[in-house]
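Okay, so here's the structure we're looking at.
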Amino acid sequence: MTEQLIIAGKSYHSRLLVGTGKYKDFTETRAAIDASGAQIVTVAIRRTNIGQTAGEPSLLEYLPPEEFTYLPNTAGCYSADDAVRTLRLARELLDGHKLVKLEVLGDPNTLYPNVIETIAAAKILVKDGFDVMVYTSDDPIIAKQLEDIGCCAVMPLASLIGSGMGILNPWNLQIIIENAKIPVLVDAGVGSAADAAIAMELGCAGVLMNTAIAAARDPVMMAGAMKKAIEAGRESYLAGRMPKKLYSASPSSPTAGLIS
Amino acid sequence: MMNILINGNVKVFDTSEMTVASLVVALELTGKRLAIEKNGEIVPRSQFADVLLQDGDKLEIVGAVGGG
């Protein structure tokens with residue numbers, strides 16, 4: 001397909017973005033990401049283990065930053081200040097890398113986003129020159145505000161992080177997509193390939209997922225399934241589905257020439 | 001003697017002068033990709049050799065790990 005996803009001026013042929021957490025080991029992480037065809041991978045920023053890291057493999061050895069576009073996230077941040085601080089460290093860590101995923105959580109049980117802190121952080125980060133892909137609720141007004149602030153992509157949840165509950169409010173997503181001039185990606189909540197396809201059929205520019213692949217019985221096979229679902233959903237969206245009708249008076253086979 | 005708070009733990013160093021670069025060596029982190037914040041301010045990698053640490057400094061040393 002020549003049709004590309006464009007984020008912050010850069011083109012990607014894959015519309016599937018994947019996380020790198022929750023895998024058994026780095027070998028499985030790499031195999032799943034290869035099977036997914038993803039070009040953008042999220043990473044978390046955490047304290048380095050002091051005194052026990054000699055010789056320990058690192059994620060970067062398995063996923064070289066030259067091969068993938070890293071998307072450092074602010075997972076685990078509950079305030080705008082912590083999120084901004086984390087991403088400034090990420091930028092230093094990744095040699096001035098500007099593309100980031102902002103998420104500010106509001107509650108440790110549900111991991112529901114705190115949109116007030118998210119908006120505050122987005123303003124600071126955009127002003128500071130970051131390309132901000134922002135995780136948020138499926139509230140169309142907040143999504144539009146985040147776009148107006150200057151975020152390069154808005155990423156509403158399908159359902160709660162890690163829940164695998166699928167797309168709970170397709171109507172809100174549709175409103176967000178219709179109103180947006182920047183890419184809208186579903187982030188969080190996708191559980192199966194069907195969910196991913198539905199997100200793409202709604203007109204999402206892409207889907208970001210982690211647990212749906214990592215927590216599958218066979219993560220590598222699921223990664224391949226997700227790749228196909230994203231592609232199928234996108235083509236289905238572009239092809240334009242037939243209108244839904246309760247019943248049809250227009251059979252697919254000729255009405256003439258029936259035997260009698 | 002110098003007490004430095006690194007990633008939430010106090011480390012004691014038997015020296016009176018130490019740069020960020022020599023701390024990285026002392027912690028056996030040479031060659032690792034990391035970012036360092038000193039007292040809330042990022043220390044750019046290019047300045048590791050120039051920035052001196054002081055008793056009581058608070059450091060955060062971070063790297064990239066798997067996450068969604």
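These numbers come from a predicted model, not from an experiment. Every chain is numbered from 1 and lettered A, B, ... according to where its sequence line falls, protein lines coming before strand lines.
Counted within 6.0 Å of CD on A:E67, heavy atoms from surrounding residues, nucleotides or ligands total more than 12; the atom is thus considered enclosed. Annotation: A:M165, atom CE; neighbour count of heavy atoms from other residues, nucleotides and ligands within 6.0 Å does not exceed 12. Counting heavy atoms of neighbouring residues, nucleotides and ligands inside a 6.0 Å radius, atom CD of B:E17 does not exceed 12 of them. In the displayed structure, A:K123 atom NZ is contacted under 6.0 Å by at most 12 heavy atoms of other residues, nucleotides or ligands.
Of the atoms belonging to A:I45, heavy atoms from both backbone and side chain fall under 4.5 Å from chain B. Looking at A:K22, there are no atoms closer than 4.5 Å to chain B (heavy atoms on both sides), in backbone or side chain. With a threshold of 4.5 angstrom between heavy atoms, A:I161 does not approach chain B through any atom at all. Using a 4.5 Å cut-off between heavy atoms, B:I42 contacts chain A through its side chain alone, with no backbone atom that close.
For the pair A:L60 and B:A64, the tightest heavy-atom approach, listed with the atom from each and the gap, is CD1-CB, 3.7 Å. Across all their heavy atoms, A:R46 and B:V65 have their closest contact at CG-CG2, 3.6 Å. Between A:A44 and B:G66, the closest heavy-atom pair is CB-O, 4.1 Å. Here the closest non-hydrogen pair linking B:R33 and A:P65 is NH2-CG, 4.4 Å. Taking all atoms of both residues into account, the shortest heavy-atom contact from A:L93 to B:R45 is O-NH2, 3.1 Å.
Each of B:N9, B:N7, B:I36 has some count of heavy-atom pairs under 4.5 Å with chain A, and the biggest count is that of B:N7. Among A:D95, A:L59, A:T86, the residue making the largest number of heavy-atom pairs under 4.5 Å with chain B is A:D95. Options A:V43, A:L208, A:V41 differ in how many heavy-atom pairs under 4.5 Å they form with chain B, and the most are formed by A:V43. Of the listed residues A:L63, A:T29, A:V18, A:N210, the one with more heavy-atom pairs under 4.5 angstrom with chain B than any other is A:N210.
Counting heavy atoms from C-beta outward, A:I50 and B:L29 have side chains that approach closer than 4.5 Å.
For the atom pair NZ of B:K32 and OG1 of A:T48, the computed distance is 8.5 Å after rounding to the nearest 0.5 Å. Rounded to the nearest 0.5 angstrom, A:R47 CZ and B:L59 CG are separated by 11.0 Å. Put simply, CD on B:E37 and CD on A:E92 are 11.0 Å apart, with the number rounded to the nearest 0.5 Å.
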